[in-house]
Amino acid sequence: MELTATTTIRRPARDVYAFWRRLENLPTFMCHLDEVRVTGERTSHWTASAPFDRTVEWDAEITDEVPEEFVGWRSTGDADVPNAGRVRFAPAPDGVSMEVHVVLVYDIPGGPLGKAVARYFGEEPHQQLDDDLRRLKQVLETGEVVRSDGAPWGKRARKEFPQRPAQPLSAEEVEELAKEARA
Amino acid sequence: MRANTWAGRNRVEVRDVPDPTILNSRDAIVRVTSTAICGSDLHLVDGYVPTMQDGDVMGHEFMGEVVEVGSGVDPSRLRVGDRVVVPFPIACGACAACTAELYSCCENSNPNAGIAEKMFGHPVAGIFGYSHLTGGFAGGQAQYARVPFADVGPLKIESELSDEQVLFLSDILPTGYMGAEMCDIQPGDVVAVWGAGPVGQLAMDSARLLGAAEVIAIDREPYRLRMAEEAGHTVVDFEEVDVRSRLLELTGGRGPDKCIDAVGLEATHGSTPIGAYDRIKQAVRSETDRPHALRQAILSCRSGGVVSVIGVYGGLIDKFPAGAWMNRSITLRTGQCHVQRYMEPLLRLIEQGELDPTRVITHTLPLEQAPYGFEIFKNKREDCEKVVLKP
Ligand SMILES: NC(=O)c1ccc[n+]([C@@H]2O[C@H](COP(=O)([O-])OP(=O)(O)OC[C@H]3O[C@@H](n4cnc5c(N)ncnc54)[C@H](O)[C@@H]3O)[C@@H](O)[C@H]2O)c1
Ligand SMILES: [Zn+2]
Ligand SMILES: [Zn+2]
């Protein structure tokens, strides 16, 4: 399965590239990622959880990159869901913004895990990546993922519909949010 | 705290809800001193805006005192104790739309942008108290409100003006003004305004301020037409006369040079068959909006004129007079108001006495009586034009 998405961010190439290249940042806006741990100059360890009903982990390596232009990566070893990705940064015609073009490729296995993955991505799998890039844009342009009372959970927004009512959070919910922020 | 909430179609209810807290670092919490009921709220109550949920706090027109600010709010912009009017669109100030002063199209302020995009093709900004489609933000018909991007939107009021004089900078004054500004009014222009609700009235005053030779108000509520007449505008009762013929009569057969639709998707159309057509289609949801005022404006406008749409539309319309629009070189302009763009200049005009938005206020009620306020505003009882609520 191949997913593509694109967005335009009003920040210089240097900043957008640097943010993405610090792979630990990816889980702050990518819905399915729990953690990315950098293990070497080009290697990293990725953890994805909730969506698959179980934790999926894999090692990845940067396959090629040109600073401020693109980064390519792919999973290594025998990953449960072999995958690869590529992000390309291109100056927008306005002279101040950067276009971000992302391609993710998943090699969906057979069996129950494959089914779970397919179910997770749903009928319009690209939407998830669209939302991820919207959050990336929020973080880079405004400093953080935007929260509302109806959708306070950041990455979980689309999954929860109907949402909680658009009224302030209870003390317990505020505590839960603080816990997530600390994690 | 107490807050006015949506409780299903045709029901609002003042309930206890938790107090708001800071959720993003650029938030502020405002203790609301005055808030208002808007024609846009009626679209929610009447069930024409999808994704409302039971318990949603309503209200997008409010002002008050800053009681808390997040760590990311620049103290030179906003501090605890400041008295502020809050614009209804939530805008980040940093994206391409905000940089172009198109604040109601902010690309970052709607956490439900993905859902809005499905409906509108592109996402729209977050709006207080205006469904989950525009973000699911709790509104300002409450004792307190959380204001995101508090360093961008809120306008500090440092003079002695009363709440009533400045409250409408949150929405209806900038909206009416933008409606008139989009008309690109030239000396000698006749401007016709459909809808003599609060938005229409302020569009009329703005049109005159921007140089219109004559302003015509179209509605069917006698007390609303009287209010427009008292402000010096010419009136047309659409229940009594054929609007297009009357407008031609009033303009020597030319038609108004500029037309403003301040009615939106719930227009009434006397008792003609086309009215029934739209009502039925809207009831079965195969047409979501009833666009009588818009159609009439396009058909009445002089060739080469401008039709400026500030009445809210949410979905699809039928029988759009594309032929009249295209063949007669009519320009259509529209938008949710980019309130932040207009707040400061309009505050100056209020201070100078050039505009007096208080003229539309007919009722001031405690927040607890919000359901009653909605009832009289919606059903045009007690000559209700604009309700201000005091939490
Ligand atoms: N663009 C924006 O940013 C923005 C902001 C605020 C309000 N609005 C919209 O502006 C519109 C007016 O708001 P309001 O608070 O004045 O509402 P309102 O409901 O008080 O006023 C609407 C008026 O239109 C009249 N009307 C109905 N059908 C008509 C017709 N066919 N011809 C002429 N008049 C007709 C009604 O009698 C009523 O007086 C609403 O759609 C509201 O959602 C838009
Ligand atoms: Zn309003
Ligand atoms: Zn913005």
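Chain letters run A, B, ... following the sequence lines, proteins first and then strands; every chain starts at 1. Fair warning: this is a prediction, and the values are worked out from it, not measured in the lab.
- Each of B:Cys95, B:Cys98, B:Gly126, B:Ala145 has some count of heavy-atom pairs under 4.5 Å with chain A, and the biggest count is that of B:Cys95.
- Between atom CZ of residue A:Arg134 and atom CG of residue A:Leu129 there is a gap of 10.5 Å, rounded to the nearest 0.5 Å.
- Residue contact with chain B, scored on non-hydrogen atoms closer than 4.5 Å, involves the backbone and the side chain of A:Leu169 alike.
- If you measure heavy-atom distances from A:Val96 to chain B, you find no contacts under 4.5 Å at all.
- Listed in order of number, the residues of residues 127-138 of chain B that approach chain A to under 4.5 Å between heavy atoms are B:His132, B:Gly135, B:Gly136, B:Phe137, B:Ala138.
- Residue B:Met58 does not touch chain A at all, counting heavy-atom pairs closer than 4.5 Å.
- Under the salt bridge (charged side-chain N to carboxylate O under 4.0 Å, His left out) criterion, B:Arg79 pairs with no residue, sequence neighbours left out.
- Only the side chain of B:Phe149 comes within less than 4.5 Å of a heavy atom in chain A; its backbone stays farther off.
- Only the side chain of A:Arg10 comes within less than 4.5 Å of a heavy atom of chain B; its backbone N, CA, C and O stay farther away.
- Against chain A, the residues from residues 16-43 of chain B that qualify, each with a non-hydrogen atom under 4.5 angstrom away, are B:Val17, B:Pro18, B:Asp19, B:Pro20, B:Thr21, B:Leu23, B:Asn24, B:Ser25, B:Arg26 in number order.
- With a 4.5 angstrom heavy-atom cutoff, A:Ser97 does not touch chain B via any of its atoms.
- Under 4.0 Å is where a charged nitrogen must lie from a carboxylate oxygen, and between B:Lys378 and B:Asp46 at least one such pair does.
- The salt bridge (charged side-chain N to carboxylate O under 4.0 Å, His left out) search around A:Glu141 returns A:Lys137, not counting sequence neighbours.
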